[in-house]
Amino acid sequence: MKEKNQLPRQYRILLVEDEPANIQMIAGCLSTDYILAIAKTRKKALELLSTSSFDLMLLDIQLPDGNGFEICQQVVANREKYGNISIIFMTSLDSPDDEARGLSLGGSDYIHKPVNAVVLRARVKLQIQLFRKNELLEHLTCFDGLTEIPNRRAFDDQLEKEWHRARRERKALSLAILDIDYFKQYNDLYGHPAGDQCLRIMAANLTTSFVRNSDFIARYGGEEFAVILYDTDLETAIQLMEKSLAAFIGKNIEHQGSVINACVTFSAGICTATPEADTFNNFLNTADKELYQAKAQGRARICG
Ligand code: GH3
Ligand code: MG
Ligand code: MG
Ligand code: MG
Ligand code: MG
């Protein structure tokens, strides 16, 4: 399957190895096809893992200041910090017990030293291919294929996460549900492909309207979108959404079937949860009710 809108990228490998001769041989083997970083100690490996992102780690077990099993355990237990890296052990510990241990700790492969260059290249290539497939699968699971923004599933996960974070950190959390006005008529008048294009423009407009790292936009379903604004009170959320609506109207997408305007507009309902009040279940419902109000009051507006 071809990856959409994604240029092939160079994969990054972290080599954790303390023997100069091994480093030289492995670097010679891999550095033309991959971006390679080298750590000679456990300390350096963990430091590099927490400051840059890698796709694969080739992990020696016997290191001057610790061992590879510990590194693997630490990475697997702290994925948020160290990322979704694949791990290949590469070691002279060749007992079945050690090999089984490495694999049970989360290693994807276990290579015995001395390493054969051809075998190493083949095994690394295989792990990178698996990594790529996982990446693609993750993308397909969480992103909407039409607009290339997060989908409903990703939204549900994010909302729950942000809800708990807002409680913990005692912050306000705003949620907006948006719905394109008279979109059925738009499809009827201009055709489904034009409708699809309109949805893409809507998504792109939201992407440029909400730029903070913590802002989260999603296609909620059909012609409905959702925006999660962390640490944002109702007044600010409404202001931001008004701006986004104005920018969208400014795109001037002709819509002769719209009763209110000659161009495409949207309506939005916003709800803000404060740490002490509200329950999670009411949250989405309230935003939905506000959206209904915006529609009832004439559309192309924000209610909250
Ligand atoms: P309102 O102003 O009350 O929101 O009216 P509306 O016509 O926008 O609402 P309605 O729910 O009647 O219609 C939504 C339309 O959105 C109907 C459906 O065909 C269209 N739609 C949903 N998903 C897609 C899509 O992926 N592509 C296109 N082109 N249209 C879609
Ligand atoms: Mg060693
Ligand atoms: Mg709708
Ligand atoms: Mg509807
Ligand atoms: Mg609609």
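First listed ligand is number 1; within each ligand, the first listed atom is number 1.
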With heavy-atom distances below 4.0 Å as the criterion, list the atoms of ligand 1 near [X].
X: Gly195; answer: 29 (N)
X: Gln185; answer: 7 (O)
X: Arg299; answer: 1 (P), 2 (O), 3 (O)
X: Asp179; answer: 4 (O)

Rounded to the nearest 0.5 Å, what separation is found between the [atom1] atom of [X] and the [atom2] atom of [Y]?
X: Ser244; Y: Asn205; atom1: OG; atom2: CG; answer: 4.5 Å
X: Ile302; Y: Glu290; atom1: CD1; atom2: CD; answer: 11.5 Å
X: Leu48; Y: Met57; atom1: CG; atom2: CE; answer: 10.5 Å
X: Gln256; Y: Glu254; atom1: CD; atom2: CD; answer: 4.5 Å
X: Asp157; Y: Arg152; atom1: CG; atom2: CZ; answer: 11.5 Å

May I ask you to check whether over 12 heavy atoms, not counting those of [X], lie within 6.0 Å of atom [atom1]?
X: Tyr292; atom1: OH; value: no
X: Lys295; atom1: NZ; value: yes
X: Arg153; atom1: CZ; value: no

For a quick check under 3.5 Å, do Arg299 and Ser258 share a side-chain donor-acceptor pair by atom type?
no
Please check whether Ile180 reaches ligand 1 - meaning an N/O of the residue sits under 3.5 Å from an N/O of the ligand, judged on distance alone.
yes
What I want to know is whether Leu146 and ligand 1 share at least one N or O pair that is separated by under 3.5 angstrom.
no
State, to 0.1 Å, how close Arg42 and Asp65 come at their nearest heavy-atom pair, and which atoms those are.
N-OD1, 2.7 Å
Considering all heavy atoms, the nearest Leu103-Ser108 contact
CD2-C, 4.1 Å
If I take every N, O or S atom of Asp181, is at least one of them less than 2.8 Å from the Mg ion (ligand 5)?
no
Please determine whether Glu224 has a backbone or side-chain N, O or S atom lying under 2.8 Å from the Mg ion (ligand 5).
no
At under 4.0 Å between heavy atoms, what of Asp196 touches ligand 1? The answer is both
Under 4.0 Å, heavy-atom basis, I'd like to know which part of Arg219 is in contact with ligand 1: side chain, backbone, both or neither.
side chain
Can you tell me which N/O/S atom of Asp179 has the shortest distance to the Mg ion (ligand 5)?
OD1
same_hphob_cluster(Phe248, Leu146) at 4.5 Å side-chain heavy-atom cutoff
yes
Closest to atom 5 (O) of ligand 1 (heavy atoms only, candidates Tyr190, Tyr292, Tyr182) is Tyr182
What protein N/O/S atoms are found closer than 2.8 Å to the Mg ion (ligand 2)?
Asp18 OD1, Asp60 OD2, Gln62 O
Compute the angle centred on the Mg ion (ligand 5) spanning O of Ile180 and OE1 of Glu223, and express it rounded to 10 degrees.
100°
